[in-house]
Colleague: 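Got a structure here, written out as structure tokens. Questions coming.
None of these values were measured; they are calculated from a predicted model. Index from 1, following the sequence. The figures here come from the full heavy-atom set of this structure, side chains too, leaving out hydrogens, waters and symmetry mates.
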Amino acid sequence: MIYGRRFDRAGRVCADCGWHAPMTIDQRLDLLLDAGSRRDIEVTAIDGDPLEFVDSKPYPDRLRAARAATGLHDAAVAVRGTIDGNPAVVVVMDFRFLGGSLGAAVGEVFTRGAEVALRERTPLITVTASGGARMQEGAIALMQMAKTSQALGQLDEAGILTVSLITDPTFGGVAASFATLADVIIAEPGARLGFAGRRVIEQTIRQVLPDDFQTAEFLLTHGVVDIISPRAELRATLSRLLSVSSRREDGIPRQPARAGGAVVTDHEQLAARDPWESVRAARRLGRPTTLDYIGMIVEDFTELRGDRMSADCPAIVAGLGRLDGVPVVVIGTQKGHTADELRHRNFGLPTPAGYRKSARVMRLAAKLGLPVVTLIDTAGAYPGVEAEEQAQAVAIAENLRLMAGLAVPVVAVVTGEGGSGGALALAFADRVLMLANAVYSVISAEGCASILWKDPAAAPRAAAALRVDSRELLRLHIVDGVVVEPDGGADADPQRAAATLRVALRAALADLTPLDQMTLVTRRRARFRQFGVPETDAAHHRTDETDETDEASHSEEEGATR
């Protein structure tokens with residue numbers, strides 16, 4: 001027994017067990033939107049019976065009964081509104097109306113909402129609740145999957161954020177179209193999402209399914225859902241996403257943009273040090289992790305999870321936030337400070353799912369026009385049977401190709417270990433920095449010693465030969481600058497280390513943000529093109545790239561004039 005008024009005040013969530021009860025469209029909109037901001041979007045009423053379908057009763061009779069019971073024309077409504085002042089178009093479904101099934105009317109409501117969002121350049125939020133496509137409309141209902149997916153594709157092309165809120169249940173044609181195509185997928189606790197329902201699967205192929213099959217928690221683990229959000233937190237989560245995606249700076253006080261003494265760009269200004277000592281310093285467990293830095297320098301951070309294919313890799317953290325008020329995407333490898341955290345985070349060794357998650361979030365950054373900041377502290381990509389089965393090499397290679405052409409500013413910082421291709425997969429950037437005590441190498445010192453010296457104990461000798469320390473890497477122009485650390489290292493004073501990193505990042509973004517997309521990509525490619533080429537040839541290549549950029553820019557200006 002639940003006291004009704006208290007239940008309603010809690011958003012129809014049970015205080016004892018956390019069960020999220022179904023909500024009507026009006027209840028959902030009251031929960032999400034600012035009071036008085038709702039404005040219904042006019043949609044052409046569709047009231048057909050294309051198949052003249054009859055089961056136990058004619059389809060028109062079912063529609064009339066559903067309308068009388070719910071007060072709705074069909075199973076979805078589209079509205080304009082605001083969430084903490086952020087404008088949005090919201091399409092909400094109601095399971096009470098013929099199981100929230102996707103027919104021509106629902107497809108039209110969603111598509112009309114997407115078209116309004118496109119015209120007004122406003123984020124689109126969809127709240128789903130459906131058993132699948134409407135059988136009484138046959139292939140007409142099936143075509144709504146294509147129609148709604150096409151509408152979302154147009155929003156992708158226009159760079160407009162889309163968010164899907166999964167409520168219980170969401171299945172069939174809705175799950176296999178607009179519910180899972182959004183940039184960000186949020187699910188209520190316990191909400192079920194899938195193509196075929198449990199009963200259909202069990203009866204069709206006689207497979208025994210786990211108890212939590214197709215729940216939000218199951219899907220979060222398997223990389224489908226970004227966030228599980230209780231109703232009490234939904235507005236705040238949506239508000240952060242909408243605010244960051246709008247690129248609005250919200251008046252958060254900024255730190256000075258100039259790096260000043262935060263970044264050293266001349267290797268002669270750095271003291272020579274033993275490379276093996278650098279390796280040991282970079283690996284100290286007390287050094288701030290990616291999540292530590294995010295907590296100290298990024299505001300309004302919303303973490304996104306999953307590769308939308310099979311898994312969520314805990315060794316990669318990715319999400320949207322603000323750096324001194326400026327919206328950014330932050331991606332980084334995550335180790336930990338304790339044995340339990342290290343095990344949970346796979347010791348900071350990303351799996352293929354981690355690299356695919358980072359690629360997905362980088363594509364979102366490009367779509368929304370947000371700068372990307374990557375923080376790197378990993379011994380390398382995870383080596384193992386599962387990683388090879390899931391194409392670890394392909395995942396890394398695809399990240400490199402993606403970052404080479406990413407049309408937004410990218411700043412990478414090696415904060416601890418920068419190990420091999422596993423680190424480079426996040427470090428193909430316009431500006432590559434490293435902390436003073438960090439290291440960056442093609443292989444670990446121990447790995448090199450084992451292969452070439454046949455003795456892991458020769459690791460100090462290998463570290464010296466590989467020139468893994470920040471001074472040598474700056475001399476070789478592998479990195480563009482070295483971020484100064486406090487006396488004793490970043491782990492001696494994490495707050496000061498984070499403050500210095502904040503200044504370095506803001507200065508880098510201040511330099512890069514004014515550049516147009518073509519200049520960004522051309523310069524980034526030229527930066528990596530010159531590695532291994534003699535200096536005179538490298539200068540020649542840089543001149544050629546500059547000439548091509550100038551010629552392309554001139555052609556664009558002429559085209560615009562015409």
Colleague: Does one side chain, of H222 or D312, offer a donor that lies under 3.5 Å from an acceptor on the other?
Modeller: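 No, D312 and H222 have no side-chain donor paired with an acceptor closer than 3.5 Å.
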Colleague: If you count every heavy atom of other residues, nucleotides or ligands that lies below 6.0 Å from R401 atom CZ, does the total exceed 12?
Modeller: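 It does not: R401 CZ has 12 such atoms or fewer within range.
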Colleague: Can you name the closest pair of heavy atoms from T162 and L181 and give their distance?
Modeller: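 Reported closest heavy-atom pair: OG1-O, 4.4 Å.
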Colleague: Quick check: closest heavy atoms across Y355 and A425, and the distance to 0.1 Å?
Modeller: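 Scanning both residues, the minimum pair turns out to be CE2-CB, 3.6 Å.
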Colleague: One thing to verify: whether E188 and R28 come together as a salt bridge, which I'm taking to mean a side-chain N less than 4.0 angstrom from a carboxylate O.
Modeller: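 Looking at E188 together with R28, the answer is yes, because their closest N to O distance falls below 4.0 Å.
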Colleague: Under 4.0 Å between a side-chain nitrogen and a carboxylate oxygen: does that hold for K357 and D226?
Modeller: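 Here K357 does not pair with D226 in a salt bridge, since their nearest N and O are not under 4.0 Å apart.
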Colleague: Side chain to side chain donor-acceptor pair (under 3.5 Å) with T415: which residues, sequence neighbours excluded?
Modeller: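 Once residues adjacent in sequence are excluded, T415 has no partner under the side chain to side chain donor-acceptor pair (under 3.5 Å) criterion.
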Colleague: So, T82 and D34: side-chain donor and acceptor under 3.5 Å apart, yes or no?
Modeller: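 Per modelled atom types, T82 and D34 side chains form a pair under 3.5 Å.
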Colleague: Quick one about R192 and T215 (side-chain donor to acceptor, distance below 3.5 Å, no hydrogens or angles considered), yes or no?
Modeller: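 Side-chain D/A pair, T215 to R192: absent.
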Colleague: Does the side chain of N437 pick up a donor-acceptor pair with the side chain of S470 at under 3.5 Å?
Modeller: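 S470 and N437 do not have a side-chain donor-acceptor pair below 3.5 Å.
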Colleague: Using a 3.5 Å cut-off and no angle test, enumerate the donor-acceptor pairs between side-chain atoms of residues 379-395 and protein atoms at least two apart in sequence or in another chain.
Modeller:
from : atom 1 : to   : atom 2 : distance (Å)
Q392 : NE2    : P350 : O      : 3.2
Q392 : NE2    : Y382 : O      : 3.1

Colleague: Of all the heavy-atom pairs spanning P409 and T513, show the shortest one and how long it is.
Modeller: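 Looking at all heavy atoms of both residues, the closest pair is CG-CA, 4.0 Å.
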Colleague: Does atom CD (E120) have a neighbourhood of more than 12 heavy atoms from anything else shown, all under 6.0 Å?
Modeller: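 Yes, enclosed.
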